[in-house]
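Predicted model only: the values in this text are computed from it and were never measured. Here is the naming used below: chain letters follow the sequence lines, and residue numbers restart at 1 for every chain.
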Amino acid sequence: MRGDFGASYANGRPVGELIADRFGNSLVLGLGALTVLVPLSVGFGLWAGLRAGRRGDRVVSGTALGLAAVPEFVTGAVLMAVFAAGLGWLPAVSLPGAGQGPLDEPSVLVLPVLTLVSVSLAQNLRLVRAGVAEAARSPAVVAARLNGVPELRVAVRYVLPAGLGPAVPVLARSVAYLLGGALVAESLFGYPGLAALLVDATAGRDVPVVQAVALLGAAVAVAANLAADFAVHLLEPVRGHTR
Amino acid sequence: MTLVSERPPSTTVPRVDGPPRRRRGRLALAVLMLVGAVALLGPLFAPHAVTDAVDIPYAPGSAEVPLGTDRLGSDVLSRVLSGGRSLLLTSLAVTAAVCVLGALLGMLAAWRRGWTDTLILRLADVLLGLPAFLLLSVVVVATGRGTAGVALASGLVLLPESVRVVRAATLRILAQDYVEVAVARGERTVSVLGREVLPNLLPVLAADAGVRFLGAVTVVATAAFLGYGAQPPAADWGLMVLENRDGLTLQPLAVLVPAALLLVLLLSVNLLLDAAFPGPQPITARRRLGPAADVETPATPGSLLSVRGLRVESDSGHRVLEDVDLDLAPGELLAVVGESGSGKTTLVLAALGHVGPGCDRRAVTYGSTAAACCGWASGGFGRCAPRCADTSRRTRAPHWHPTFASMPRSRRCCGPAGYRRSSGRNGPSGRCGSRDSTGRRRSSIAGRTSCRAASGSGSRWRWPCP
């Protein structure tokens with residue numbers, strides 16, 4: 001017990017220092033993925049949920065089902081083949097230049113973020129959609145429509161708060177999925193983040209590094225779940241009283 | 001209908017009719033068998049050894065090497081043909097182990113309750129709380145790289161959810177009367193679990209096995225991609241994606257072909273599962289039987305409720321009820337008695353107008369007398385409406401067959417004009433949960449509360465009151 005993470009077996013550097021070097025990069029990637037993921041899943045989920053059973057909904061839900069079934073590295077490889085190798089729009093290797101962070105070269109972030117988002121998006125979208133579809137049939141929403149409230153206002157003020165409740169814990173779990181997906185996205189695109197460090201350390205059986213990164217990841221996952229529990233109570237203040 | 005289920009409401013699955021679903025299932029099965037054959041028998045047909053360099057690295061396809069070569073100049077076709085076997089076999093082994101362990105632990109937790117339950121559940125929660133691939137990395141560090149470590153790690157990733165699913169299903173089964181009877185007979189734990197619980201658990205286990213197989217393929221392939229599994233000279237679809245991504249511009253087939261095979265494998269299993277376990281289907285009443293119309297007996301004048309040629313089909317086309325006639329006069333009591341699953345509850349619900357959308361109301365006519373008409377579905381006895389309050393006692397005829405139905409408890413009240421639904425959440429479940437003292441369940445419809453003897457004319461569904 002010394003209060004620090006020890007030194008790496010591979011190169012003798014303190015683990016805390018190794019993590020600090022890469023933590024910022026992973027944070028940028030993770031936050032980037034979340035800022036894409038949340039609006040997209042809520043937006044598409046709301047859109048599809050209000051059209052439950054119609055063609056637009058079937059297209060969105062079917063695509064989501066397909067995306068959810070595919071492992072991240074397959075999605076990532078296909079994205080890489082299309083946008084980096086095929087069209088040449090984006091770099092295939094997401095390594096920012098020496099002394100630069102990923103924010104100096106945002107184009108390196110696009111493909112890793114898309115890869116990360118693909119799988120969690122499908123799960124979140126399906127949950128938001130289910131919640132919205134159920135909320136859209138509730139008497140309150142019908143009453144609001146009959147009162148002549150504009151459709152957009154009905155969607156945002158009445159349907160969305162009721163439909164979002166069940167999706168929030170899954171949104172939090174998607175933070176854990178993102179942590180796992182980051183392993184794949186970072187090592188596929190060679191992004192210098194914590195997850196790539198973990199993969200390298202695992203391959204080299206560098207126990208102190210793996211321990212520290214896994215501890216950090218687990219802490220983030222638990223914190224996200226806790227935050228989600230609070231968020232659910234904020235969204236549904238009556239929960240716990242009715243049952 | 002108050003339906004308690006662990007799945008999100010059926011709206012999550014786009015409703016598909018029976019035949020297209022079955023056709024899609026058959027197609028998925030065919031594709032799956034094809035991919036399975038490629039993966040398992042492929043090594044026999046590989047034209048080159050997987051480690052032989054047959055051309056320059058990343059050479060394009062030619063007659064000699066149809067899919068080109070990879071980064072070491074080996075034949076991509078041979079490596080693709082050889083790369084699926086270990087993935088598929090590992091995934092199958094992991095699935096089998098997880099299912100057996102999950103069933104045992106889940107049943108044990110549900111049966112023992114108490115601290116065993118708490119211990120198993122908390123351990124599962126700890127494993128579930130960790131992101132899957134973090135857990136994978138930690139286990140692989142402990143065991144070292146290789147197939148055995150990956151198999152162990154993916155088992156640990158998949159086990160907790162399996163345990164939770166089995167435990168929840170077992171708890172539902174343990175609450176059934178036949179389990180109570182078996183326990184009361186003094187049967188041993190093994191025989192209660194093996195003979196009463198396990199057979200009813202099999203559908204859940206089968207669906208769960210499918211889902212776990214999907215998870216196992218994903219985790220094992222991803223582990224191979226991360227370099228945790230088989231090591232480089234070996235051929236593996238996941239590893240091929242990792243190895244050849246640098247040459248994507250020169251030779252995209254070396255990455256895309258194994259990726260596509262994985263994709264097809266996972267999607268076909270998904271579609272097959274969807275076709276095999278369609279989930280709860282809403283029951284809808286279809287049109288009344290046409291030919292029966294001219295031989296049917298006319299509705300008895302003055303009856304409160306009269307049903308002619310009622311037919312209920314599930315969405316997948318199964319006939320739940322067919323050609324049911326019944327009349328209910330004021331003051332008459334009707335009890336529906338039959339085997340479990342024979343459709344008693346559906347009949348009562350349909351007669352009272354509570355079966356799904358599309359119910360053809362012509363099959364059911366209500367009399368003009370403004371009298372109350374109450375129905376119970378599956379043993380929910382209790383307060384229904386003030387004037388029906390005491391019928392539950394009166395319906396205890398001495399000749400009831402004991403039936404064990406396992407429908408969710410629900411209770412409906414209706415009047416002849418414009419039936420009312422008892423409002424969803426806070427309605428029936430709380431106040432109406434009592435079963436009658438003998439533990440029997442039944443479905444009944446009562447015309448007015450007074451219960452005079454009814455003549456046994458015509459309908460075989462009629463049962464005289466005591």
Side-chain angles (χ1 to χ4, degrees), chain A residues 49 52-53 57-58 61-62 65-66 68-78 80-81 84-86 88 92-93 126-127 129-131 133-134 137 166 175-184 187-189 195 198-199 201-203 205-207 210-211 213-214 217-218 220-222 225 242, chain B residues 7-16 126 128-142 144-145 157 214 217-219 221-222 224-228 237-238 241-242 244-250 252 255-256 258-260 262-263 266-271 274 423-426:
Chain A
D57 168 51
R58 286 210 204 129
S61 301
L65 198 68
V70 182
E72 284 101 338
F73 76 92
V74 173
T75 323
V78 171
M80 197 191 224
V93 177
R126 279 158 60 84
L127 255 120
R129 180 195 165 278
E134 201 183 344
R137 286 193 307 267
V175 171
Y177 281 118
L178 287 184
L179 284 169
L183 245 68
V184 172
S187 49
L188 180 64
F189 294 99
L198 177 65
V199 172
T202 307
R205 297 193 85 169
D206 196 345
V207 177
V210 172
Q211 269 179 348
V213 177
V220 172
V222 171
N225 275 327
T242 49
Chain B
R7 286 172 64 102
S10 54
T11 49
T12 48
V13 189
R15 262 175 53 187
V16 187
V126 167
L128 264 183
L130 282 174
F133 293 128
L134 277 190
L135 189 60
L136 188 72
S137 303
V138 173
V139 174
V140 170
V141 163
R145 291 185 289 182
V157 168
L214 281 176
V217 172
T218 307
V219 174
T222 305
F225 164 77
L226 292 173
Y228 294 170
W237 291 345
V241 175
L242 174 73
N244 298 318
R245 71 196 156 140
D246 293 335
L248 203 52
T249 344
L250 297 167
V255 169
L256 291 183
L262 265 172
L263 201 80
L266 288 168
L267 285 181
S268 61
V269 176
N270 240 313
L271 283 178
D274 191 46
S423 61
R425 292 225 175 121
N426 46 12

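- Inter-residue side-chain proximity for B:V141 and A:V207 is flagged as met; some heavy-atom pair is nearer than 4.5 Å.
- For chain A, the option among B:L263, B:T218, B:T222 with the highest count of heavy-atom pairs below 4.5 Å is B:T222.
- At a 4.5 Å heavy-atom cutoff, the contact between A:V184 and chain B is made by backbone and side-chain atoms alike.
- Two residues are said to be in side-chain contact when any heavy atoms from C-beta on lie closer than 4.5 Å; A:L198 and B:F133 fail this criterion.
- Only the backbone of B:A142 comes within contact range of chain A, with at least one heavy atom under 4.5 Å from a heavy atom of that chain.
- Every side-chain contact (heavy atoms from CB on, under 4.5 Å) that A:A81 has, sequence neighbours left out, goes to B:L248, B:L256.
- Residue B:F225 comes nearest to A:S187 through the heavy atom pair CE2-OG, 4.1 Å, listed as atom of the first residue, atom of the second, then distance.
- Residue B:A221 touches chain A through both its backbone and its side chain, counting heavy-atom pairs closer than 4.5 Å.
- Of the listed residues (B:L134, B:V138, B:V140), just one forms a side chain to side chain contact (heavy atoms under 4.5 Å, CB included) with A:V210, and that residue is B:V138.
- Looking only at side-chain heavy atoms (C-beta outward), A:V74 and B:V241 stay at 4.5 Å or farther from each other.
- Judged as a side chain to side chain donor-acceptor pair (under 3.5 Å), and not counting sequence neighbours, B:N270 has no contacts.
- With a 4.5 angstrom heavy-atom cutoff, A:E72 touches chain B only via side-chain atoms.
- Neither the backbone nor the side chain of B:L136 comes within contact range of chain A; no heavy atom of the residue lies under 4.5 Å from a heavy atom of that chain.
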